[in-house]
Structures are given as C-alpha cells and as structure tokens.
Amino acid sequence: MAHTLTNQEVAELFETMAAALEILKKNLFRIRAYDRAAASIRQTNQSLFQLWQEENLDSIPGLGDTFIGYLDELFRTGKVKHFQEILAKVPPAVPDLMKLEGVGPKTAQALAAEFDLPRGPAGYKKLKKVAQQGKIQNLPGFGEKSEQEILDALANVTSDEKRLLLATALPIAEDVISYLTTSPDVLEAMSLGSLRRRAPTVGDIDIGVKTDKPDLVMEHLLKYSDIRQVLATGSKSTSFRHQTGLQVDVKTQSPDRWGSMLQHFTGSKQHNIHLRTLALQQGYSMSEYGLKTEQEESLSFEDEVNLYNQLGLVFIPPELREDRGEIASAQKGKLPNLVDLKDICGDLHMHCNLDIPTSHDRGANSVEELLDKALQKGYDYIAITDHNPPRRGLTAKERLEVTRVRRTQIQEAYLRWQDEQDRVVQLLIGYEVDITADGSLALEDDVLAELDFAIASIHTSHKQPQETMTERILTALNHPKVRILGHPTGRLLLSRAGIEADWPAIFEFCAKHNKFVEINASPDRLDLPAGLQRIAHEHKVKFVINTDTHYVNNMDLMRYGVWTARRGWTAKNEVLNTRNWADVKQALTG
DNA sequence: GCCGTTTTCGGCCCGACTGTTTTCAGTCG
C-alpha cells in the first residue's frame with residue numbers, strides 16, 4: 001500500500017532533517033544538500049508521489065541516488081528508517097520551535113533541551129511561561145533582549161506563515177515605493193525578490209532603493225505610517241512588519257552598484273547560488289556588491305545586463321530566474337523570445353451582464369462597456385464567452401432559444417456600438433461550457449452550433465482520479481466547437497490544489513487537434529502554472545492568455561497572465577492572441 | 001549528500017544584522 005504525501009509534507013520532512021543534522025553538527029554540505037532538496041521539492045509543480053510512481057524522481061534537481069532511495073522507502077512504507085534514527089536524537093519540539101521568528105536549529109535545541117518542551121502548542125505554552133518567569137535570559141548565550149524576542153515571536157506565531165497573492169502584495173509594495181520616493185534622497189526604488197519574479201504568491205516584500213544617502217533614506221522609511229513593528233534596521237537593510245502582517249525588507253545601494261543589488265535581491269536563492277558557482281569557475285567571487293577577482297580587484301555594475309554579460313550570459317528576465325535551466329540556456333544565448341504585454345492584441349474570455357440564465361456567475365458589465373475598454377486598451381478583437389445556460393431548470397429547447405436570443409442581443413449591441421467608432425474592434429460570440437463529470441459538454445450540439453467557438457472548463461468534480469479526469473477532458477476537447485481548454489488545472493491559489501491529470505496526453509491531443517490551452521490571468525488562478533507550460537512546450541502546444549473578466553476592470557489583469565506565461569518560458573509566437581484578427585478568426589472558427 | 005565543458009573525487013555562495021560577545025555564533029535572505 002503506497003503512502004501519498006504532498007510535496008509540501010516531503011519538503012518539510014527534509015527541512016526537519018536538515019535542522020536535526022545541524023544540531024548534531026554533521027557535515028555542513030550534507031545539511032545543505034537536504035535544504036537544497038527541500039527547496040527544489042517545494043517549487044516543483046508536479047506531484048512528487050506521481051513522479052515516484054513513474055520512476056522519474058531523478059528529474060528533480062538536488063535528488064541523487066540516496067535521496068531517491070529515501071523517497072522510495074517513504075512512499076512505500078510511510079517512513080524512512082534513517083530519518084527516524086536521526087530525528088530520535090533531537091528533542092521532538094525542535095521543528096515547531098524553528099517556526100518562531102529568529103529561532104533556528106541551535107536556539108530551538110537549546111530551549112527544548114533546557115526546559116524539556118513538548119511538541120506543538122503545549123511546547124509554545126510552556127516556553128511562554130518560562131520566558132515570562134525570566135528563566136531564559138539566564139541561559140548562556142541568551143539575554144534580556146533575546147528573551148523578549150522569543151515572547152514577541154510567540155505572539156506572532158498564529159498570525160504568521162501567511163502567503164499572499166501576487167496581486168494582493170503588489171499594491172502594498174507600490175504604496176511603500178511611492179512613500180519612499182517622496183524623499184529627495186531616493187534616486188530609484190523598485191520591488192525585488194519573488195515580487196519582481198512575478199511568483200503567483202509571495203511571502204514577503206523586497207524593495208531596493210538606489211541612493212547616495214542610505215542613512216537618510218532609512219530614517220525616512222522608519223516614519224512610514226503602515227509599519228506595525230520594526231524587525232531590524234541598519235543603513236544597508238531594514239525589515240519591518242507591515243500593518244497587513246506582511247514582512248517588508250528594504251535594501252539600499254549606491255548607483256554604481258545598483259545592478260549587482262538588483263540581481264542579488266531578485267533571486268531566486270537557487271538561481272543566485274548557481275550563478276555564484278558559475279562566477280567562481282571563472283575566477284570571481286560574487287556578492288550583492290559585484291564581482292571580485294582572485295587578486296581582490298572589484299568590478300561593480302550599474303545595471304544587470306552588464307553583470308550577466310560579464311559572466312558570459314545574455315540577460316535573463318526576472319521571471320525565468322528559478323534555476324530551471326535558464327542559466328545553461330543563457331550561456332548558449334538561447335532564451336525564448338518571451339511574450340510581452342504589448343504583444344497582446346485581444347482578450348478571448350470574458351463575461352457580460354445580459355439577463356440570460358447562466359450556470360455560474362454572470363458578468364457585471366454590458367457588452368458596450370467591455371467594447372469600450374477593449375478600444376481603450378487598443379485591442380483588435382475580443383470574445384464574449386458567458387457561462388452556458390444551466391442544465392437544470394431549462395429544457396433543451398429553451399437552452400437553444402436563450403442562446404439565439406443572446407446572440408441577437410449581443411450582435412445588435414455590437415453593431416450599434418461599432419457604428420459610433422472610428423476604429424474596428426472585432427467580436428466573437430461563444431460560451432464557456434462546463435465539462436461535466438462524465439466528459440460530456442453541458443450543452444447539446446445544436447446549441448453549440450449557434451456559437452463561433454467554445455471554451456471548455458471544469459467547474460465541478462475536481463477530485464476525480466487521474467485516469468477518469470484525463471478521459472473526461474479529452475472527451476470534451478474532442479468536440480469540434482471546443483477550441484480552448486479554460487483554466488486547465490482548476491487550481492485556486494492558497495485554497496484549492498489543481499486537478500490530477502495526465503498532462504502529457506492532454507497536451508499531445510491539443511497540439512495534434514489545434515486546441516488552445518488557456519493561461520488564465522485571474523490572480524487567484526494563474527493557470528496553466530509555469531511548470532506545466534514547460535511540459536506543454538515539449539508537445540508544441542499553443543496558448544491563449546485570457547483574463548476571464550467578470551468586471552470590466554478585470555481586463556487590466558492581463559499583465560498577470562502575461563507574467564505567468566513568461567514564467568513558463570512561453571514565447572510570443574506560441575500565444576494565439578498576439579496574432580492578427582484573420583489568424584485568430586481562422587484558428588477559432590475555421 | 002549532490003554533482004561534473006576541471007572531476008566518479010573533491011569540491012560545495014555570500015553578506016547584513018543582532019545580541020551577547022571581548023572576537024563571534026546564530027539567523028535570515
């Protein structure tokens with residue numbers, strides 16, 4: 001009987017092992033190997049368990065023969081004997097204690113051993129008690145301040161650990177940046193880290209400031225009104241907890257080293273480690289300040305392009321910096337020509353507010369409002385794709401009837417609107433059709449025949465087993481009217497994992513039958529995820545980037561879809577809605 | 001314990017900040 005574990009659970013296990021080995025003062029590089037493997041597992045989109053079943057675990061960087069052996073044992077038996085032996089040697093409370101801010105393996109070990117702390121909430125409770133009694137400050141290596149810090153960390157333990165959607169964090173960062181730039185000493189300020197890499201969710205906000213007067217900038221920053229608590233402050237770096245609970249790190253750098261600082265704090269960590277290893281091979285030691293030769297000569301960089309070039313690489317866009325092969329590709333000068341927001345010529349998935357029965361939520365705005373916005377954005381075409389009429393409560397005949405009425409109403413509104421414009425915005429009329437649990441579409445063929453095209457999406461029964469799900473999707477895609485697979489995995493960031501399916505089989509089908517795979521720009525979806533896009537490329541799949549607009553201003557979220565596509569290494573020529581109207585019309589209705 | 005346009009052995013990224021320290025260890029990113 002196999003034991004299913006999520007990637008997160010396995011990653012945590014490896015992190016716990018790394019901490020235990022550190023406490024036991026084992027070889028530093030062995031510890032680092034566990035940490036690297038954990039990081040690698042965390043950022044893998046594919047299920048580790050599934051990869052194990054397919055004997056593909058060696059495709060994950062950082063997993064060698066030994067680790068793969070451990071994982072094999074873990075998935076077969078639910079435990080790893082070697083891990084249990086190691087973990088038995090450290091107090092059981094250590095992993096929980098390490099979740100506290102400022103508490104690492106050594107501190108956790110010292111506290112757990114001294115006070116005989118149990119694991120979980122009981123351990124936190126006892127720790128709080130001894131801290132309040134002033135018993136911690138008397139331990140060697142501890143003092144009054146570290147005791148207080150432990151109390152502060154305990155107070156934050158529940159509210160912490162939160163990740164936010166990219167679209168939630170970005171405006172917070174933009175507010176801090178706009179405050180910073182009110183100081184004349186700030187020459188430039190921009191978000192770095194996972195925010196700049198446009199990761200789907202972010203755990204903190206990193207901001208870089210270009211300045212010649214770092215002390216004055218930090219002084220200015222500490223007066224920012226939304227600071228809840230200052231965590232650390234110096235002239236190079238200040239960290240604070242924002243009112244929202246999010247941690248914000250602000251770093252300063254002089255203009256002559258701005259490029260190195262951007263690179264360093266944009267990360268990712270794994271990308272930087274790889275890059276520094278490459279630098280070492282070329283005789284440089286690399287840091288946030290620049291490169292140093294073996295003769296201690298320093299090279300500084302005002303911008304990132306020069307820095308990458310110095311290492312023999314073409315510039316790597318931030319979205320690619322995840323150590324997923326981008327460094328090797330940049331050495332060969334072979335990075336894809338990534339799609340850009342300005343390449344987008346239209347939006348092919350949006351919902352309007354016509355009073356026609358729909359199976360899911362209707363849009364909030366009229367056809368004319370959507371067209372106005374499309375014109376304003378310079379689009380050449382849009383598609384209005386409301387949810388299909390429901391199966392319950394309507395007869396097949398009524399579904400056909402409301403579909404015809406809808407089409408007439410949209411067309412009349414469109415013609416009236418277009419008549420008043422100098423520029424043409426082309427319009428397609430479709431539905432977003434539910435893929436029902438058995439793979440049939442939620443509409444009859446004669447209703448589908450009324451449409452220009454259909455997007456097929458899963459909105460129910462997300463938990464079907466992989467084989468059923470795959471068959472279900474392939475059956476739906478097989479209908480000639482269906483041209484787009486909408487929000488393919490159905491994931492909702494921070495709340496729902498995506499479906500399990502045989503993606504290579506689905507992608508192969510899509511490529512062969514000219515079906516387009518949607519990259520949904522809705523900030524809580526960002527679906528198809530980057531890792532699956534990479535697999536889709538291998539099968540020569542074409543994509544379409546859509547906003548799935550329900551409120552007219554959602555059309556401005558297109559940039560999130562483009563960023564997601566870029567993170568998946570998707571090039572302009574792989575995206576349908578970068579093409580002209582004739583191509584799009586042919587592709588969706590031909 | 002991983003990994004290889006130097007290698008199947010011998011390397012393995014770099015620095016800021018903090019607290020408790022008389023020169024540094026621990027934590028974090």
Side-chain angles (χ1 to χ4, degrees), chain A residues 14 17-19 21-23 25-40 58 60-71 82-83 86 97-111 136-150 152-153 192-194 202-208 214 218 230-240 247-253 257 260-261 263-292 312 323 327-328 331-332:
Chain A
F14 273 69
M17 273 297 291
L21 292 170
E22 192 166 347
I23 289 165
K25 300 195 195 312
K26 298 291 184 185
N27 180 299
L28 218 60
F29 300 108
R30 199 172 141 210
I31 296 165
R32 209 172 279 172
Y34 277 90
D35 269 329
R36 250 200 336 258
S40 189
D58 57 359
I60 304 292
L63 298 185
D65 289 343
T66 310
F67 282 170
I68 289 175
Y70 290 155
L71 287 173
H82 174 65
F83 288 6
I86 297 290
L97 294 175
M98 281 178 57
K99 289 177 187 157
L100 299 173
E101 178 126 40
V103 176
K106 298 287 172 66
T107 310
Q109 157 71 22
L111 292 171
I136 291 179
Q137 53 178 290
N138 297 324
L139 300 180
F142 291 83
E144 261 181 68
K145 283 201 173 172
S146 45
E147 186 175 72
Q148 186 56 46
E149 276 180 4
I150 287 166
D152 291 344
L192 307 175
S194 51
V202 301
D204 66 356
I205 289 176
D206 294 299
I207 292 171
M218 290 310 193
V230 176
L231 301 170
T233 183
S235 66
K236 294 272 179 206
S237 164
T238 288
S239 298
F240 66 87
Q247 182 172 329
V248 181
D249 298 327
V250 178
K251 329 269 183 183
T252 57
Q253 190 49 277
R257 290 169 161 175
S260 294
M261 118 85 87
Q263 196 291 315
H264 178 86
F265 288 109
T266 297
S268 65
K269 184 173 179 171
Q270 294 306 314
H271 174 86
N272 284 1
I273 289 173
H274 192 155
L275 210 58
R276 285 189 209 117
T277 307
L278 185 72
L280 273 181
Q281 286 166 8
Q282 299 176 14
Y284 299 115
S285 164
M286 182 175 168
S287 77
E288 63 191 273
Y289 301 110
L291 301 177
K292 237 186 324 195
D323 196 24
I327 290 175
Q331 279 182 305
K332 297 179 204 140

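Chain naming here is simple, since letters A, B, ... match the order of the sequence lines and numbering starts at 1 in each. The figures that follow rest on heavy atoms only: side chains count, while hydrogens, waters and symmetry mates do not.
Looking at heavy-atom distances under 4.0 Å, A:P140 makes no contact with the nucleic acid at all. Contact annotation for A:S235: backbone-only contact, meaning every heavy-atom pair under 4.0 Å involves sugar-phosphate atoms and none involves a base. Among the atoms of the strands shown, only primed sugar atoms or phosphate atoms (P, OP1, OP2) are found under 4.0 Å from some heavy atom of A:E144. When heavy atoms are screened at a 4.0 angstrom cut-off, A:Y284 is found touching no nucleic acid atom at all. Among the atoms of the strands shown, only primed sugar atoms or phosphate atoms (P, OP1, OP2) are found under 4.0 Å from some heavy atom of A:L280.
Rounded to whole Å, the separation between the C1' atoms of B:dC12 and B:dT6 comes to 15 Å.
The listed nucleotides are B:dG29, B:dT27, B:dG1; the one nearest the side chain of A:N27 is B:dG1. For A:S237, whose side chain is taken as the heavy atoms from C-beta onward, the closest listed nucleotide among B:dC12, B:dA16, B:dG29 is B:dA16. The side chain of A:E288 has B:dG15 as its nearest neighbour among B:dG29, B:dG1, B:dG15. Side chain of A:F29, nearest nucleotide from B:dG1, B:dA16, B:dC14: B:dG1. Taking every side-chain heavy atom of A:A232 into account, B:dC17 is the closest of B:dC17, B:dG1, B:dG29. The side chain of A:Q247 lies closest to B:dG29 when the candidates are B:dC12, B:dC2, B:dG29. Among the nucleotides B:dG26, B:dG1, B:dC14, the one closest to any side-chain atom of A:S285 is B:dC14. Side-chain proximity of A:E149 to the nucleotides B:dG26, B:dG29, B:dT18 is greatest for B:dT18.
Put simply, A:Y289 has no side-chain N or O that comes within less than 4.0 Å of OP1 or OP2 on B:dC14. Close to B:dC17, at under 4.0 Å from its OP1 or OP2, lies no side-chain N or O of A:T233. At B:dC28, none of the side-chain N or O atoms of A:S239 fall inside 4.0 Å of OP1 or OP2 (strictly under the cut-off). Here A:K236 does not reach the OP1 or OP2 of B:dA16: none of its side-chain N or O atoms lies under 4.0 Å away. For the OP1/OP2 pair of B:dC2 and a distance below 4.0 Å, the side-chain nitrogens and oxygens of A:Y34 include no atom meeting the criterion. OP1 or OP2 of B:dT20 lies within a sub-4.0 Å distance of a side-chain N or O belonging to A:S146.
A:E147 pairs by the side-chain hydrogen bond (donor to acceptor under 3.5 Å, both in side chains) definition with A:Q137, not counting sequence neighbours.
How far OG of A:S239 is from CG of A:D206: 8.5 Å, rounded to the nearest 0.5 Å. Taken from OG1 in A:T238 to CD1 in A:I207, the straight-line distance is 11.5 Å, to the nearest 0.5 Å. Of the inter-residue distances, the one linking A:F67 atom CZ with A:S40 atom OG reads 11.0 Å to the nearest 0.5 angstrom.
When side chains are defined from C-beta on, A:L278 counts as touching A:Q331, because their heavy atoms get closer than 4.5 Å.
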